[in-house]
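Below is one structure, written out as structure tokens; comments come after it.
Every chain is numbered from 1, with letters handed out A, B, ... down the list of sequences.
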2 protein chains.
Amino acid sequence: MLFDLDGTLVDAVYDHVLAWKEALEQKSILLPAWKIHRQIGLSGKSFLPILLREIRRERTPGQIQELEDLHLEIYMRRLPGIRLLPGARELLQRLTEIGIPWAIGTSSEPKASEPLLKQLHVPRSVPVILAKEIPRGKPNPDVFTLGARRLGASLSDSLVIGDSPWDLLAAQRAKALGVGLLCGGYGQCELERAGAYRIYQDPGDLLNHLEELGIRPDGK
Amino acid sequence: MLFDLDGTLVDAVYDHVLAWKEALEQKSILLPAWKIHRQIGLSGKSFLPILLREIRRERTPGQIQELEDLHLEIYMRRLPGIRLLPGARELLQRLTEIGIPWAIGTSSEPKASEPLLKQLHVPRSVPVILAKEIPRGKPNPDVFTLGARRLGASLSDSLVIGDSPWDLLAAQRAKALGVGLLCGGYGQCELERAGAYRIYQDPGDLLNHLEELGIRPDGK
């Protein structure tokens, strides 16, 4: 099982949205929150050119990097208030107990993801794939491909768990099954249309329905 | 045309979400942001009992009021940063110019809505229905019923414009046509399922498609 982090295991999406909005405003770029929300899950490098092209405010790669740095700075101030999503820790613990291999892949910066991984009690043996390790971000499936490889599994035998259409599109491209979680704030249909195989509310809801994914909760 | 305010004309939904999240946390109630987001558009009095029942943390009406006060206090600090949604002012101005009667109905507190109404340049002659004037909030259609009455129109001849399923459900109950806007951050299907007659991105997109609603943009 290959997990996305922000919005899937931790309640960070709305903080990312407002941190991006504030970063853009500091550079006199006004974008409404919902437009930013729909792009969360992609890296800033991937989605900023799209949104800026739409409002005809294109920026150079250097200016995009500057916006990414500004976003990270604002987001880091919000980080101490970010909590795990219901059942996140329990789900991961159960998977470890019953011997289901799992990994986490995130496009977040290490200093933003480390405190959250610590809250999740991720064992040292679990692969965590960071943005800097992969050439191309979602919806390219590189992050999940590398996660599966580190687990010694094939991606087509894996479940990709994510809250955004980008996770599910990446899963589709890699012939993995994508499981959507509503806790990132996307609508159910948006996840269905991106090819979700099953949809749950949050990690706790997924934990309560493990059998539906062909997993025996007692590992037998 | 009867407009909702927050999320429909002004980009306030994500600020409401985080203000509610913070207010609840101050009272040691942890709720994920997406769950709060799905209830925005209802008043706190309506949605808090639902969410608190779900996590078995029921509160007395006095404690609910206390949470509402706390939310308002936190939200007011965010208010100066809240902007109009793209095309909001232009849409309302066009409607006035071409003689289409319109009103605004909001469940927001007067001190929270007044600065936003000022930004929108709402003429004094336009009815603005406030929460305190109506006995029951959305999805009860009282706010829109009163809006139509003040315009001397029947609700079944009106268009209700809103960003949340609650607006569209209220429109359905009153036999009005509901027009959904995506700019509150709900997914397109969520609005369709709540009975949206048409859906646009934001007020500017609606303005560009007025003919689809049977309105000639030149008023002729």
Subject >> Pairs of heavy atoms under 4.5 Å with chain B: top-ranked of A/Gly187, A/Cys189, A/Cys183 >> reply: A/Cys183
Original post:
Do the ring planes of A/His37 and B/His37 sit parallel (below 30°), tilted (30 to 60°) or perpendicular (above 60°)?
Top reply: tilted
**OP:** Pick whichever of B/Asp11, B/Val17, B/Asp15, B/Ile55 has the most heavy-atom pairs under 4.5 Å with chain A.
**Re:** B/Asp11
Original post:
Under 4.5 Å, heavy atom to heavy atom, which residues of residues 19-36 of chain A contact chain B?
Top reply: A/Lys21, A/Glu25, A/Leu30, A/Leu31, A/Pro32, A/Ala33, A/Trp34, A/Lys35
Original post:
Of all of B/Arg193, B/Gln201, B/Gln188, which one pairs up most often with chain A through heavy atoms under 4.5 Å apart?
Top reply: B/Gln201
Subject >> Contacts with chain B made by residues 57-74 of chain A (heavy-atom distance under 4.5 Å), listed by residue number >> reply: none
Original post:
Just wondering, do A/Arg78 and B/Leu18 contact through their side chains at under 4.5 Å, heavy atoms?
Top reply: yes
**OP:** Tell me, for B/Tyr186 versus chain A, whether the close heavy atoms (under 4.5 Å) come from the side chain, the backbone, both or neither.
**Re:** backbone
